[in-house]
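Excluded from the calculations below are hydrogen atoms, water molecules and symmetry mates; all remaining heavy atoms, backbone and side chain alike, are included. Atoms within each ligand, like the ligands themselves, are counted from 1 in listed order. Positions are given from 1 along the sequence.
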Amino acid sequence: MRLSRYFLPVLKENPAEAQIVSHRLMLRAGMIKQAQAGIYSWLPLGFKVLRKLENIVHEEQMRAGHIPMLMPTLQSADLWRESGRYDDYGEEMLRITDRHGRDMLYGPTNEELITDIFRSHVSSYKDLPMTLYHIQWKFRDEIRPRFGVMRGREFYMKDGYNFDLTKEDALHAYNRHLVSYLRTYERMGLQAIPMRADGGPIGGDYTHEFLVLAETGESEVFYDSEVTDLSFGDRAIDYDSVEQCQAVLEEFTSRYARTDETHDEALFNEVPEDRRRVARGIEVGQIFYFGTKYSEAMGATVQDRDGKPVPVHMGSHGIGVSRLLGAIIEASHDDKGIIWPEGVTPFHAGIVNLKQGDEEADAACETLYAALEAAGLEPLYDDRNERAGGKFATMDLIGLPWRITVGPRGLKNGVVELTSRRTGESEEMPPEEAVKKLVKIYEGHLVKGL
Ligand code: ATP
Ligand code: MG
């Protein structure tokens with residue numbers, strides 16, 4: 001992309017309404033624009049990152065054997081009356097009446113709708129296990145929408161639902177989700193720690209929330225510092241293996257790590273004092289096993305091996321895709337702007353032309369641009385007729401992990417400069433070398449974008 005042809009409305013001033021750094025930087029970098037309280041338009045740069053996150057989620061869900069689909073945002077109130085949640089859900093549910101006087105709602109989650117689809121089409125244990133998921137906009141009429149996309153009213157969520165014959169099978173699905181979530185967040189450059197949580201209006205005894213530690217997080221968390229040493233890494237996993245998934249769950253959840261809802265002071269005090277941590281975190285996902293709560297209420301049964309109808313065991317699993325943008329920025333920025341992890345960056349490298357209009361510099365930038373694209377990378381070329389200082393400031397603000405600076409002086413010696421946004425370190429090298437180096441850096445980090 002050439003910056004002269006892109007739409008990147010960066011702001012020079014700090015917007016007064018933004019209280020936390022991620023919100024401030026998303027507005028300043030021209031990623032989002034508030035449409036109404038808690039409702040945002042996703043401008044091109046923000047949309048590009050959102051799509052990448054979405055694609056990482058898809059890749060990891062499909063890798064775990066979960067099946068993508070799409071359900072509507074508007075749902076019928078009658079389904080929610082069947083489960084009893086139409087009255088229970090309270091003011092967070094946006095209720096709508098159509099021209100025929102029928103009650104509808106903008107879905108805050110989809111347990112009822114998916115259970116209805118399931119009961120209409122599945123009647124035998126032979127079709128199980130099955131996990132369906134979608135990534136769709138949700139609406140919750142939060143009393144205090146704030147912090148930008150972090151606590152929106154309209155937000156983008158991956159929600160998945162497992163259907164299993166037995167509790168044992170459903171717990172395997174639970175563990176499988178835990179593993180796939182660990183992989184998902186790590187690919188986004190995040191450490192998200194699974195913590196024992198509370199079921200809330202979804203219900204259920206088994207539930208973990210995934211928390212990214214950050215001072216601005218809304219949840220208070222208590223944990224054994226050893227949990228921060230764990231990482232899933234690139235180990236192989238067989239998602240069909242009950243033992244392997246169970247072992248990962250045990251590895252990642254056996255130490256003390258809880259949100260304030262389930263915090264138990266006495267248990268916490270058993271952790272050696274020097275490892276006890278009280279901090280704040282951003283909830284970026286949650287997994288639940290809730291048994292037959294919805295299947296019994298809504299008649300979602302299958303015939304078991306003896307031909308007897310039994311309610312299916314279910315769980316649901318959510319990732320806050322739009323909130324993740326805020327969480328990533330909270331975890332990765334400095335006073336100049338965002339620092340995107342390689343796995344989610346909107347563009348892989350910025351090209352800064354120090355002397356726009358200089359024949360040699362222009363030609364070198366064009367060659368670089370073409371070479372990066374040919375290698376499957378997405379460059380953002382700042383080809384505007386602007387001062388170098390302004391170009392650097394924009395690149396730093398929007399946070400591309402790598403910048404290539406091209407100027408007449410370097411070109412005389414046949415070199416350009418490759419700079420890391422994270423460390424600020426620069427290295428001079430021939431342009432072909434820079435391309436090669438970037439290709440290597442992004443190996444295993446390429447995600448389909450837009
Ligand atoms: P919270 O406790 O933050 O209100 P929740 O526990 O009610 O969230 P879930 O039903 O578990 O949310 O939804 C799954 C994920 O969706 C959450 O882990 C979170 O990342 C995201 N999410 C929930 N509410 C919002 C919101 N208002 N804005 C943005 N993301 C949200
Ligand atoms: Mg939750």
Asp169-His313 side chain donor-acceptor pair, cut-off 3.5 Å: no

Determine, using heavy atoms of Ser322 and all atoms of ligand 1, whether some pair is separated by less than 4.0 Å. no

Is it the case that the side chains of His66 and Arg176 hold a donor-acceptor pair, with the cut-off being a distance below 3.5 Å and no angle test? yes

Which atoms of ligand 1 are found less than 4.0 Å from any heavy atom of Val284? 18 (O), 20 (O)

Using a strict cut-off of 4.0 Å, indicate which atoms of ligand 1 neighbour a heavy atom of Gly320. 15 (C), 16 (O), 20 (O), 21 (C)

Proximity flag Thr109 to ligand 1, non-hydrogen atoms under 4.0 Å: no

Using the side-chain contact (heavy atoms from CB on, under 4.5 Å) definition, which of the options Ile351, Leu3, Leu45, Thr394 pairs with Leu380? Leu3

Is the closest heavy-atom distance from Arg153 to ligand 1 below 4.0 Å? no

Please list, in number order, the atoms of ligand 1 under 4.0 Å from a heavy atom of Met157. 13 (O), 14 (C), 16 (O)

Does any N or O in the side chain of His333 come within less than 3.5 Å of the main-chain N or O of Glu330, such that one atom is a donor and the other an acceptor? yes

With a 4.0 Å cut-off on heavy atoms, is Ile282 touching ligand 1? no

Whether the Asn175 and Gln246 side chains hold a donor-acceptor pair (N or O, under 3.5 Å, no angle test) is what I'd like checked. yes

Would you call Asp159 and Lys138 a salt bridge, taking side-chain N to carboxylate O under 4.0 Å as the test? yes

Backbone or side chain, does any N or O of Gly152 fall under 3.5 Å from an N or O of ligand 1? yes

The Mg ion (ligand 2): protein N, O or S atoms [distance under 2.8 Å]: Glu283 OE2, Gln286 OE1

Val149 heavy atoms, cut-off 4.0 Å: which ligand 1 atoms fall inside? 29 (C)

Under 4.0 Å between a Lys/Arg side-chain N and an Asp/Glu carboxylate O for Glu59 and Lys448? no

Testing the basics here: between Ile193 and Val227, what is the closest heavy-atom pair and its distance to 0.1 Å? CG2-CG2, 3.9 Å

Quick test of your reading of the structure: of Arg323, Gln286, Glu92, His317, whose heavy atom lies closest to atom 11 (O) of ligand 1? Gln286

Determine whether the side chains of Lys158 and Tyr181 contain a donor N or O and an acceptor N or O closer than 3.5 Å. yes

Ring pair (Phe, Tyr, Trp, His ring centres under 6.0 Å) test vs Tyr256 passes for just one of Tyr223, Phe268, Phe222, namely Phe268

Have a look at ligand 1 and work out which part of Glu283, if any, has a heavy atom under 4.0 Å from it: side chain, backbone, both or neither. both

Would one find an N or O of Gly285, backbone or side chain, under 3.5 Å from an N or O of ligand 1? yes

Is there side-chain contact between Met26 and Lys33, with at least one heavy-atom pair below 4.5 Å? no

Is Arg151 close to ligand 1, meaning an N/O of one under 3.5 Å from an N/O of the other? yes

Do we see a donor-acceptor contact under 3.5 Å between the side chains of Glu283 and Ser219? no

